[in-house]
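One structure below.
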Amino acid sequence: MTAFHTLDDVDVKGKRVLLRVDLNVPMEDGRVTDATRIERALPTINEIVEKGGRVILLSHFGRPKGQRVDAESLRQVVPTLEHVLKRKIAFADDCVGDAAAKIVDGLKDGEVALLENTRFHKGEEKNAADFIDALAKSGDIFVSDAFSAAHRAHASTEGIAHRLPAYAGRAMQAELEALESALANPQRPVMAIVGGAKVSTKLELLGNLVAKVEYLVIGGGMANTFLAAQGKPVGKSLCEHDLADAAREILVKSEKAGCEVVLPIDAIVAQKFEAHAPSHIVSVDHVGENDMILDVGPKSIAHIESLLANCKTLVWNGPFGAFELPPFDEGTNAVAQTAARLTVEGKLLSIAGGGDTVAALNQAHVAQEFSYVSTAGGAFLEWLEGKTLPGVAALMQSSQR
């Protein structure tokens, strides 16, 4: 039983459905370079259309800071949106007022409209009551399908859910159910892999995870900080030496919680940060003063894979090394491929998220084999940190009204 209403709980026929999606897609020379976020919204849009609802799409785009900026107009997304949806889209030159009303009033059942960038108005990021009311005039119900924006208490992500009957779209529903199964009520043992450059950006995440998982695998530049905190040499590797105390506190906290922190036992080192730089394998006890740790070594990979083979759930955020530069992608690729194989065999529930993580899994050609891959960045991270996401909380409160 979900704590929020979904499309299963509403008859959308003939209704104006304000659908919050995330169309903040990457652009180059006026063209969309990655339509993943548009594609994620497709099931919800199509379902509402097929059931006779009138779809009114809301989204932000870029950071125009309450000003109308032509370069950040959603109009430029329309061609790709029409291509993905395989239907014509009516576009409104504003998301509120007469321009929005004219487009919305002209919609027939089963048609789709896109309203202009919500962030062209200061009231969006301020979650201002008058702007929320203006948005709400265009809809009979509100459907939230932008988990990636749910960590923002903005008018179109949180405020409007208090004005109109609110429901989760299919992408939002899938995201919440995946995260619930990964951390709130998981099959155990649970492994979390946390990588990336800096411990400082993920202190809250690490602190939350040690109380929820059996194995916390730390990779990337973050691992160097933990190794240095244990007195191991890291040479010229990326390392936050000033966070040694924080790293040691996490290790103490993990021990008390019964969580095993897994750090590299060997590494691939080089003296240049570039693709195909001369490299070799060393124990983490013998990193040279001019060496940079750029990936985990084969013993580390084998150890992680042996632990993973006995786990039932995996949560992954962040790569092991400089995966963009071969051959320093081998650690990430190897563990990703093992996780994918275990998932396909039905032995593992695998949840991954974060921009670098998604890129790494795509590079390893295994993203499609994971149980769920989140396209959200900040929202995914804040959920893992144990924070309440305003956009999700609003959906849950709406279901109780």
Side-chain angles (χ1 to χ4, degrees), residues 4-7 9-12 14-24 41 44-45 48 53-69 72-75 89-109 111-169 172 379 388-401:
F4 49 89
H5 289 317
T6 71
L7 290 177
D9 303 307
V10 61
D11 180 5
V12 299
K15 290 187 170 66
R16 299 172 303 160
V17 182
L18 275 174
L19 175 57
R20 181 50 160 100
V21 292
D22 186 356
L23 303 180
N24 190 32
T44 297
I45 296 171
I48 296 170
R54 305 175 187 184
V55 180
I56 301 114
L57 300 173
L58 294 174
S59 180
H60 71 284
F61 186 77
R63 299 179 182 274
K65 299 185 183 300
Q67 304 294 325
R68 180 172 286 272
V69 180
E72 294 181 333
S73 169
L74 278 171
R75 185 184 293 276
I89 305 294
F91 181 75
D93 195 43
D94 203 346
C95 59
V96 294
D98 292 342
K102 181 179 180 181
I103 294 297
V104 171
D105 291 347
L107 279 184
K108 298 177 182 177
D109 292 357
E111 293 185 340
V112 181
L114 170 62
L115 307 188
E116 183 58 283
N117 192 345
T118 56
R119 287 189 183 174
F120 279 0
H121 295 264
K122 293 184 184 298
E124 164 71 341
E125 294 188 65
K126 291 181 178 179
N127 206 6
D130 58 344
F131 184 64
I132 296 169
D133 289 339
L135 285 175
K137 287 181 180 179
S138 292
D140 301 309
I141 65 172
F142 172 64
V143 174
S144 179
D145 215 30
F147 177 81
S148 52
H151 60 312
R152 307 295 188 195
H154 292 173
S156 69
T157 59
E158 193 268 350
I160 199 168
H162 299 292
R163 296 290 197 278
L164 298 173
Y167 305 84
M172 175 71 83
T388 298
L389 306 188
V392 175
L395 282 179
M396 294 180 174
Q397 291 167 15
S398 176
S399 71
Q400 296 168 5
R401 292 201 296 266

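Reckoned from all heavy atoms, side chains included, excluding hydrogens, waters and symmetry mates.
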Between CZ on residue F142 and NE2 on residue H162, distance to nearest 0.5 Å: 10.0 Å

Going by side chain to side chain contact (heavy atoms under 4.5 Å, CB included), V12 matches just one of V143, I141, V55, D140. Which one? I141

Does one side chain, of R20 or S156, offer a donor that lies under 3.5 Å from an acceptor on the other? yes

Under 3.5 Å: donor-acceptor pair, side chain of T157, backbone of G391: no

Whether E116 side chain and L74 backbone form a donor-acceptor pair below 3.5 Å: yes

When you look at CZ of R63, are more than 12 heavy atoms from neighbouring residues, nucleotides or ligands closer to it than 6.0 Å? no

Test L135 against R163 for side-chain contact (heavy atoms from CB on, under 4.5 Å), laying out the working first. CA-CA 10 Å; L135 285 175; R163 296 290 197 278; over 6 Å; no

Assess the residue pair N127 and E158 against the criterion (side-chain contact (heavy atoms from CB on, under 4.5 Å)); give the C-alpha distance rounded to whole Å, side-chain angles, the decisive distance to 0.1 Å, and a yes or no. CA-CA 8 Å; N127 206 6; E158 193 268 350; 2.8 Å; yes

Between A150 and V392, what is the shortest heavy-atom contact and its length? CB-CG2, 4.1 Å

Is the backbone of G62 close enough, under 3.5 Å, to the side chain of R119 for a donor and an acceptor to pair up by distance? yes

CG (L115) and CZ (F91) are apart, to the nearest 0.5 Å, by 8.5 Å

Between CD1 of I132 and CD1 of I160, what distance do you get to the nearest 0.5 Å? 8.0 Å

Measuring from L58:CG to D22:CG, what's the distance to the nearest 0.5 Å? 12.0 Å

Minimal heavy-atom distance between V96 and A134, with the atoms involved, is CG1-CB, 3.6 Å

NZ of K122 to NZ of K65: how many Å apart, nearest 0.5 Å? 9.5 Å

Do the non-hydrogen side-chain atoms of Y167 and T6 ever get within less than 4.5 Å of each other? no

Mind checking what makes ring-ring contact (aromatic ring centres under 6.0 Å, His included) contact with F131, not counting sequence neighbours? H121

With no hydrogens and no angle check, just 3.5 Å: does a side-chain donor-acceptor pair link E72 and N117? no

Give the minimum heavy-atom separation between S138 and A100, together with the two atoms involved. OG-CB, 4.3 Å

D109: side-chain hydrogen bond (donor to acceptor under 3.5 Å, both in side chains) partners, not counting sequence neighbours: R54

Please tell me if the side chains of L57 and I45 come closer than 4.5 Å, counting only heavy atoms from C-beta onward. yes

Residues in side-chain hydrogen bond (donor to acceptor under 3.5 Å, both in side chains) with D145, at least two apart? T44

Considering all heavy atoms of both residues, which atom of A379 and which atom of L389 are nearest to each other, and what is their separation? O-CD1, 3.9 Å

Taking atom NZ of K15 as the centre, does the number of heavy atoms from other residues, nucleotides or ligands within less than 6.0 Å exceed 12? yes

Looking only at non-hydrogen atoms, find the nearest pair between A394 and A161 and report the distance. CB-CB, 3.6 Å

Is the shortest side-chain N to carboxylate O distance from R68 to D93 below 4.0 Å? yes

Show the nearest heavy-atom pair for residues S148 and H151, with the distance to one decimal. O-CE1, 3.1 Å

Rounding to 0.5 Å, atoms CD1 (I56) and CD1 (I48) come to a distance of 9.5 Å

